[in-house]
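What you see is a predicted model, and the numbers here were worked out from it, not measured in a lab.
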Amino acid sequence: MQVLYKSTRGNGETVTASQAILKGLSEDGGLFVPTRIPDLDVPMERLAEMTYQDTAYEVMSRFLTDYTEEELKNCIARAYDSKFDTEEIAPLHKADGAYFLELFHGATIAFKDMALSILPHLMTTAAKKNRTDKEIVILTATSGDTGKAAMAGFADVPGTKIIVFYPKHGVSPIQEKQMVTQKGNNTYVVGITGNFDDAQGAVKRMFNDRELAEELEAAGYQFSSANSINIGRLVPQIVYYVYAYGKLVKSGEIQAGQEINVVVPTGNFGNILAAYYAKLMGLPVNRLICASNENKVLFDFFRTGTYDRNRDFILTSSPSMDILISSNLERLIYRLTGENAKKCREFMEALSRGGEYTITEEMREGLGDFYGNFCSEGETREAISATYYGSGYVIDPHTAVAAGVYQKYLRDTGDDRATVIASTASPYKFTRSVMDAISDRYQGLDDFALADALSALTGVKVPKAVEEIRTAPVLHDTVVDAVEMPSAVKKILGIG
């Protein structure tokens with residue numbers, strides 16, 4: 001049965017999955033959502049025996065219904081191959097009484113690889129299906145990981161260009177080095193003198209700029225997005241929660257049908273929304289535990305029902321979560337309104353206009369699947385240290401926020417059922433924060449020396465993604481103010 005997509009702010013018009021992926025963002029400024037959530041109608045015992053690639057097909061084929069079996073299987077095979085350094089693609093590691101779902105074994109050692117390895121193939125297939133003659137310009141704002149993963153996926157893909165904006169002073173040194181050394185004749189990286197929300201806001205405005213769209217069209221271009229606002233990013237993320245559940249059944253850690261909890265370190269709300277969609281499909285998930293850092297706008301929302309971005313923006317050791325406008329929350333808000341696009345639009349306009357909105361009591365009742373909490377910087381360090389000294393397992397600061405919040409959840413609820421923690425980045429991406437939390441004897445070393453020290457400590461080889469950038473030349477050095485982003489795009493594309 002076909003699944004179509006509609007806008008969270010629209011009038012009910014529908015598009016196919018491939019059209020939604022090509023567009024990225026709806027013309028009315030809303031996000032595409034499925035007209036219905038399909039059932040995960042595969043016996044769990046069968047899922048438990050599947051490879052990651054097989055699981056991906058079972059999940060994605062139910063959402064992306066206008067892709068043929070051959071098209072989708074081809075996309076999956078090209079995405080989840082030897083660029084991942086483990087055959088399992090997303091292994092589970094048991095430590096500290098939880099199961100860490102390692103989502104960082106791809107080319108850029110962060111969870112964004114899980115979806116951005118397949119998005120270029122979904123998008124180029126969509127372009128052929130829809131007979132698009134325009135060159136696709138991927139326009140993306142990143143808080144650290146999406147940018148590199150998107151560029152790695154789209155580098156030298158015919159018929160595409162990718163332009164990434166990142167906060168110049170808001171990412172880790174290794175994250176920045178990964179981006180500014182990116183090869184590819186179609187890749188462009190621009191630092192901005194602002195934060196992620198500034199970059200994301202400007203990107204959204206460019207998507208909604210009709211005049212700019214006309215200039216692009218005249219020059220033979222069309223915008224699309226690689227951010228998690230693109231449904232082609234979100235659907236592949238559902239896969240790894242289903243896969244993790246199957247692995248727990250296979251290993252005998254749980255019985256088929258037994259509920260688990262899922263903890264997700266959360267910034268833009270896409271990764272935890274994917275877990276929520278997995279639950280709606282029928283995956284036995286009890287609570288979705290939303291872990292925030294000191295930019296705790298989501299914790300405050302779950303606690304009070306008011307989303308308020310009017311607060312200081314804090315730079316933390318978990319920069320990919322340094323976000324005050326969680327774009328994907330709009331998809332949840334839309335569902336909580338009973339899929340009332342007019343009401344959803346009003347909330348989003350209030351956020352844009354005054355920086356806040358408050359949901360109704362009835363909508364708050366729909367948040368029962370979620371638990372929100374946060375970790376301070378000190379608590380994040382403690383979580384890294386406690387996990388290492390307690391289990392010999394090293395986690396990055398984002399995963400540490402999740403681990404710390406999980407401990408708070410245990411204390412608050414006593415709910416000790418099997419719990420999967422989304423481990424979203426390799427500790428090698430944040431060596432300074434990790435090594436400082438483990439011991440004070442590593443101070444004074446640069447980030448690459450710290451990577452060597454971490455390798456010596458754990459016996460885990462320094463990942464190829466880090467080795468490659470040690471001596472790589474800087475290829476991108478443009479920095480602009482956020483207001484200059486449209487001009488930078490025009491200059492790159494040679495228009496205007």
Side-chain angles (χ1 to χ4, degrees), residues 1-28 30-44 46-47 50 53-76 79 114-115 118-119 121-132 224-243 245 269-283 285 327-328 330-341 344 369:
M1 191 173 166
Q2 193 175 28
V3 174
L4 295 171
Y5 291 82
K6 58 186 175 180
S7 167
T8 52
R9 305 185 199 180
N11 295 317
E13 306 93 336
T14 58
V15 296
T16 63
S18 64
Q19 287 168 337
I21 288 170
L22 263 184
K23 285 174 179 285
L25 192 68
S26 175
E27 285 162 8
D28 54 38
L31 309 189
F32 286 112
V33 288
T35 50
R36 65 181 181 86
I37 302 290
D39 292 329
L40 185 64
D41 51 359
V42 185
M44 192 49 67
R46 192 154 75 82
L47 274 170
M50 287 183 184
Q53 293 84 346
D54 291 338
T55 308
Y57 178 74
E58 292 299 337
V59 173
M60 293 172 65
S61 62
R62 281 157 176 74
F63 281 94
L64 310 181
T65 53
D66 67 323
Y67 285 76
T68 67
E69 180 177 350
E70 183 185 5
E71 286 169 341
L72 193 50
K73 285 186 172 175
N74 182 48
C75 290
I76 289 166
M114 303 299 294
I118 194 166
L119 182 61
H121 304 298
L122 293 174
M123 199 171 277
T124 51
T125 302
K128 285 177 198 153
K129 290 174 79 67
N130 291 280
R131 295 181 172 81
T132 299
S224 191
S225 172
N227 279 80
S228 53
I229 56 176
N230 192 317
I231 200 72
R233 264 282 303 276
L234 194 60
V235 169
Q237 291 180 273
I238 300 169
V239 173
Y240 44 75
Y241 295 110
V242 176
Y243 179 75
Y245 190 93
F269 208 75
N271 204 5
I272 195 165
L273 185 75
Y276 178 61
Y277 276 15
K279 178 180 169 79
L280 295 178
M281 288 183 84
L283 193 72
V285 173
S327 288
N328 267 290
E330 180 171 343
R331 286 184 165 114
L332 177 62
I333 295 296
Y334 176 73
R335 188 170 181 86
L336 295 176
T337 63
E339 303 199 343
N340 185 326
C344 184
D369 293 325

Handout entry: Between N130 and T132, a side-chain donor and acceptor under 3.5 Å
Key =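 There is no such pair (donor and acceptor under 3.5 Å, judged by atom type) between the side chains of N130 and T132.
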
Exercise for the section: Count the heavy atoms of every other residue, nucleotide or ligand shown that sit under 6.0 Å from CD of E27, and state whether that count exceeds 12. Expected result: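 Result for CD/E27: open.
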
Taking all heavy atoms of [X] and all of [Y], pick out the closest pair and write down the distance.
X: S228; Y: R233; value: N-NH1, 3.5 Å
X: P236; Y: M60; value: CG-CE, 4.0 Å
X: I333; Y: C344; value: CG2-SG, 4.4 Å
X: L25; Y: G30; value: CD1-O, 3.4 Å
X: R331; Y: N230; value: NH2-C, 4.2 Å
X: A341; Y: S7; value: CB-O, 4.5 Å

Between [atom1] of [X] and [atom2] of [Y], what distance do you get to the nearest 0.5 Å?
X: I21; Y: Y67; atom1: CD1; atom2: OH; answer: 3.5 Å
X: R335; Y: Y277; atom1: CZ; atom2: OH; answer: 7.5 Å
X: L273; Y: E330; atom1: CG; atom2: CD; answer: 11.0 Å
X: I231; Y: S18; atom1: CD1; atom2: OG; answer: 13.0 Å
X: T16; Y: Q2; atom1: OG1; atom2: CD; answer: 7.5 Å
X: I272; Y: N328; atom1: CD1; atom2: CG; answer: 11.5 Å

Exercise for the section: Start with the C-alpha gap between N271 and Y240, add the side-chain angles, then the distance that decides, and say whether side-chain hydrogen bond (donor to acceptor under 3.5 Å, both in side chains) holds. Expected result: CA-CA 10 Å; N271 204 5; Y240 44 75; 2.6 Å; yes

Taking the side chain as every heavy atom from C-beta outward, state whether [X] and [Y] have any pair of such atoms under 4.5 Å apart.
X: L234; Y: F63; answer: no
X: E339; Y: Y334; answer: yes
X: M114; Y: V239; answer: no

Exercise for the section: Give the intermediate values and the outcome of side-chain contact (heavy atoms from CB on, under 4.5 Å) for residues Y241 and Y276. Expected result: CA-CA 10 Å; Y241 295 110; Y276 178 61; over 6 Å; no

Exercise for the section: Mark yes or no for whether K129, through its side chain, and D66, through its backbone, hold a donor-acceptor pair below 3.5 Å. Expected result: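 Side chain of K129 to backbone of D66: a pair is present.
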
Exercise for the section: Tell me, with the steps shown, if K128 and E71 meet salt bridge (Lys or Arg N to Asp or Glu O under 4.0 Å). Expected result: CA-CA 11 Å; K128 285 177 198 153; E71 286 169 341; over 6 Å; no

Exercise for the section: Apply side-chain contact (heavy atoms from CB on, under 4.5 Å) to N227 and S327, showing your working. Expected result: CA-CA 10 Å; N227 279 80; S327 288; over 6 Å; no

Practice task
Mind running side-chain contact (heavy atoms from CB on, under 4.5 Å) on D39 and M281 for me, showing each step along the way?
Solution key: CA-CA 5 Å; D39 292 329; M281 288 183 84; over 6 Å; no

Practice task
Could you walk me through whether S224 and L22 pass side-chain contact (heavy atoms from CB on, under 4.5 Å), step by step?
Solution key: CA-CA 6 Å; S224 191; L22 263 184; 5.5 Å; no

